[in-house]
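Worksheet: one structure, shown below.
Chain letters run A, B, ... following the sequence lines, proteins first and then strands; every chain starts at 1.
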Amino acid sequence: EAQVTQNPRYLITVTGKKLTVTCSQNMNHEYMSWYRQDPGLGLRQIYYSMNVEVTDKGDVPEGYKVSRKEKRNFPLILESPSPNQTSLYFCASSQTGGNEQFFGPGTRLTVL
Amino acid sequence: GENVEQHPSTLSVQEGDSAVIKCTYSDSASNYFPWYKQELGKRPQLIIDIRSNVGEKKDQRIAVTLNKTAKHFSLHITETQPEDSAVYFCAASWPEYGNKLVFGAGTILRVKS
């Protein structure tokens, strides 16, 4: 089944404790992206990657890191999480930019 | 940069009525305009999309119209049903940045039965 997976689905952590949210797609898509969703603000892009080893900042990249060492994986790293990073996070992939994006199931992160 | 504004933020309609959600974009080079539906607790899923070489596209009860001159596009849902209740997001591509999608803030649609 073609899909985008994310782990974990739910995470409660404390300020400053490094964490990684994994994202994987099995559709051989070149383009992958991370979004955060907050009430009233829609989906804001954190980082995106147009292909392996190519990553670029989105609209809200501060406090986040990403890597794209393999085509299928695009992990999101929070080196030192803070409470303002409490949010719902979605990973998405598409064949290329400007095409249908397929979203993962979401990760709900709470930083205390 | 690209900016997408979406209105209204909430919309309540009676079952069977039509619903219209409107979006405007700022970059005249944008060429891809998808609409996503997000049910409560679920991920966004594409319901319809349109490219800049087409003015209108229809899929059963859902249609999207695009006015390139005015830089706005709209989602039309006819004969609404309770299962249409969800958050709807419009988006526009931004060619300058690899056609990344810029999303509107979303519209909460409530269909009252």
- Message: Does the plane of the ring in B/Tyr25 sit parallel, tilted or perpendicular to the ring in B/Phe73? Use 30° and 60° as the thresholds.
- Response: tilted
- Query: Within a strict 4.5 Å, meaning less than it, do heavy atoms of the B/Tyr97 and A/Gln45 side chains meet?
  - Reply: no
- Task: Determine, for B/Asp59 against B/Lys57, whether the closest basic-nitrogen to carboxylate-oxygen distance falls under 4.0 angstrom.
- Result: no
- Item | Ion pair check, A/Asp56 and B/Lys100, cut-off under 4.0 Å | no
Where does [X] contact chain B at under 4.5 Å (heavy atoms): side chain, backbone, both or neither?
X        : result
A/Asn99  : both
A/Leu43  : both
A/Gln101 : both
A/Phe103 : both

- Answer with side chain, backbone, both or neither: which region of B/Pro44 has an atom nearer than 4.5 Å to a non-hydrogen atom of chain A? both
- Item | Under 4.5 Å from a heavy atom of chain A, the part of B/Gln38 involved | side chain
- Message: So does A/Pro8 get a backbone contact from the side chain of A/Thr107, meaning a donor-acceptor N/O pair under 3.5 Å?
- Response: yes
- Interface residue of largest heavy-atom contact number with chain A, from B/Ala105, B/Gly106, B/Ser93, under 4.5 Å: B/Ala105
- Note on the structure: Scanning both residues in full, the closest heavy-atom pair of B/Tyr32 with A/Glu100 reads OH-N, 3.2 Å
